[in-house]
Number of protein chains: 2
Amino acid sequence: MTDPAAPAAFRPHDHARCVAGTLALARRVAAERGLRLTPVRHRVLEILLERHAAMGAYEVLERLAEEGFGHQPPVAYRALDFLVTNGLAHRIQRLNAFIACDHPGEAHHAAFLVCSGCKTVAEIPADELRATLDSAAAATGFAIERASVEAVGLCPECRAQGRAGQPA
Amino acid sequence: MTDPAAPAAFRPHDHARCVAGTLALARRVAAERGLRLTPVRHRVLEILLERHAAMGAYEVLERLAEEGFGHQPPVAYRALDFLVTNGLAHRIQRLNAFIACDHPGEAHHAAFLVCSGCKTVAEIPADELRATLDSAAAATGFAIERASVEAVGLCPECRAQGRAGQPA
DNA sequence: GAGGTAATTGTTATGTTATCACAAGTCAAC
DNA sequence: GTTGACTTGTGATAACATAACAATTACCTC
Ligand SMILES: [Zn+2]
Ligand SMILES: [Zn+2]
Ligand SMILES: [Zn+2]
Ligand SMILES: [Zn+2]
């Protein structure tokens with residue numbers, strides 16, 4: 001049930017530790033690169049890290065507003081853009097939502113597994129996949145700048161419980 | 001420059017013929033499956049086929065309205081949903097837009113190459129890619145229902161002309 | 001052909017996601 | 001401490017998408 005090859009998102013794990021580790025990594029990356037991980041930005045990253053799921057900009061905004069930050073959409077969008085641009089978060093196109101990066105700082109291509117049962121999103125390594133895609137594209141003369149690979153389905157736990165996916 | 005391995009979208013070609021062929025195929029598929037390719041739906045498919053690019057629902061709607069169909073968003077969204085559901089069109093998540101399927105009726109997994117220079121979108125076969133993704137997911141216990149693979153970059157022509165991609 | 005049923009189309013209204021434009025504040029370098 | 005770049009906050013608006021209901025049309029059965 002809890003496959004050791006599965007990403008943390010699909011396994012019971014010490015999430016507090018998981019958050020702390022990623023956050024520490026993100027701070028280090030920001031410091032190394034001279035990025036300003038300001039209070040809003042840092043807080044948005046923390047909010048994204050709370051769950052292994054994607055969060056919409058307006059949901060993030062609501063949280064920020066409650067905590068005394070601005071109440072207007074650009075406040076959330078700008079922080080999210082910053083995180084995505086600097087590789088600290090990813091955008092899930094299918095969901096119009098955002099998720100914290102699992103491996104900030106490491107150059108990597110990722111694919112995302114979105115569970116339609118429990119909304120968990122797992123980031124899995126996709127360097128090989130990306131290489132395949134690159135060469136398929138190259139064969140047509142197309143040069144890829146960036147790509148997104150997103151799958152919807154059922155996570156191990158939802159499968160085990162016979163849970164059905166929501167049509168969304 | 002005009003690589004024979006490139007999809008039609010990236011090559012100069014007899015587009016009228018290209019449209020006619022796909023349309024004929026779509027009609028046959030619809031007939032075989034007892035699908036009702038009504039006037040709005042057929043027209044939407046024609047509109048999508050006009051260019052090898054993705055079109056937003058509101059852009060489609062505008063065209064429909066001009067031609068005497070309904071003027072409200074659901075008119076376009078419903079026709080587009082029908083086409084997507086029945087494999088006659090695809091949704092490009094990244095663009096919130098739709099494109100006619102190149103191979104209606106054939107079971108296939110596709111990846112999309114979106115040119116940021118000229119907005120051309122090419123559908124390329126991705127069965128192998130999908131198999132790789134499936135097994136990577138399976139290794140984590142995740143069962144994929146559907147996946148989207150979308151790449152942004154420069155098409156052969158835009159590269160040849162040194163055209164730059166728009167940030168979008 | 002009439003009646004019943006399901007699918008389709010149309011409308012109004014509303015919800016959700018994202019960006020623009022500008023003012024005010026913060027920070028670091030000089 | 002002034003300059004200039006960046007960041008945050010605001011109001012307004014644009015772009016994308018769906019809910020709910022009425023009217024019509026296709027299709028099947030009798
Ligand atoms: Zn965790
Ligand atoms: Zn799940
Ligand atoms: Zn063509
Ligand atoms: Zn191009």
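Protein chains get the first letters and strands the later ones, always in sequence-line order, with residue 1 at the start of each. Excluded from the calculations below are hydrogen atoms, water molecules and symmetry mates; all remaining heavy atoms, backbone and side chain alike, are included.
- Atom CZ in Arg41(B) sits about 16 Å away from atom P in dT25(D), given to the nearest Å.
- For the pair Gln72(A) and dG11(D), the criterion of a side-chain N or O lying under 4.0 Å from OP1 or OP2 is met.
- In this structure His109(B) satisfies the ring pair (Phe, Tyr, Trp, His ring centres under 6.0 Å) test with no other residue, sequence neighbours excluded.
- Distance CG (Leu61(A)) to P (dT16(C)): 14 Å, rounded to an integer number of Å.
- Nearest to the side chain of Val40(A), among dT18(D), dT8(D), dC16(D), sits dT8(D).
- The interatomic distance linking Glu62(B) (CD) with dC16(D) (P) rounds to 12 Å, in whole Å.
- By the side chain to side chain contact (heavy atoms under 4.5 Å, CB included) test, Arg78(A) pairs with Pro74(A), sequence neighbours left out.
- For the pair Tyr58(A) and Ala79(A), both in contact range of DNA chain D, the more 5′-proximal nearest nucleotide belongs to Ala79(A).
- Applying the salt bridge (Lys or Arg N to Asp or Glu O under 4.0 Å) test to every pair with at least one member in residues 124-135 of chain B, sequence neighbours left out, gives these pairs: Arg130(B)-Asp134(B).
- Glu62(A) pairs by the side chain to side chain donor-acceptor pair (under 3.5 Å) definition with nothing, not counting sequence neighbours.
- Nucleotide dT16(C) holds its P atom 15 Å from the CE atom of Met55(A), rounded to whole Å.
- Remark: P of dT8(C) and CG of Leu37(B) are 11 Å apart, rounded to the nearest angstrom.
- No salt bridge links Lys119(A) with Glu59(A); every basic N to acidic carboxylate O contact stays at or beyond 4.0 Å.
- dT8(C) atom C1' lies 15 Å from atom CG of Leu64(B), rounded to whole Å.
- Atom P of nucleotide dT11(C) and atom NE2 of His71(B) are separated by 6 Å, given to the nearest angstrom.
- Identified under the side chain to side chain donor-acceptor pair (under 3.5 Å) test for residues 25-41 of chain B, with sequence neighbours left out: Arg27(B)-His42(B).
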* To do: Applying side-chain contact (heavy atoms from CB on, under 4.5 Å), run through Cys18(A) and His52(A) and close with a yes or a no.
  => CA-CA 10 Å; Cys18(A) 161; His52(A) 288 280; 3.5 Å; yes
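- Residue side chain Tyr77(B) fails the stacking definition with respect to dT18(D), as its ring centre and the base's six-membered ring centre are not both under 5.5 angstrom apart and under 30 degrees in plane angle.
- Summarising the geometry, the separation between CG on Asp81(A) and C1' on dC6(D) is reported as 15 Å, rounded to the nearest angstrom.
- Applying the side chain to side chain contact (heavy atoms under 4.5 Å, CB included) rule to Ala136(A) yields the partners Ile124(B); only residues at least two apart in sequence or on another chain are considered.
- Using a 5.5 Å limit on the distance between ring centres and a 30° limit on the angle between planes, the aromatic ring of Phe69(A) does not count as stacked on the six-membered base ring of dT8(D).
- At a non-hydrogen distance threshold of 4.0 Å, nothing from residues 24-33 of chain B comes into contact with DNA chain C.
- His103(B) meets the ring pair (Phe, Tyr, Trp, His ring centres under 6.0 Å) test with His108(B); sequence neighbours excluded.
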* Reading nucleotides 21-30 of chain C from the 5' end, what letters show protein touch, with B for base, S for backbone sugar-phosphate only, - for no heavy atom under 4.0 Å? -> ------S---
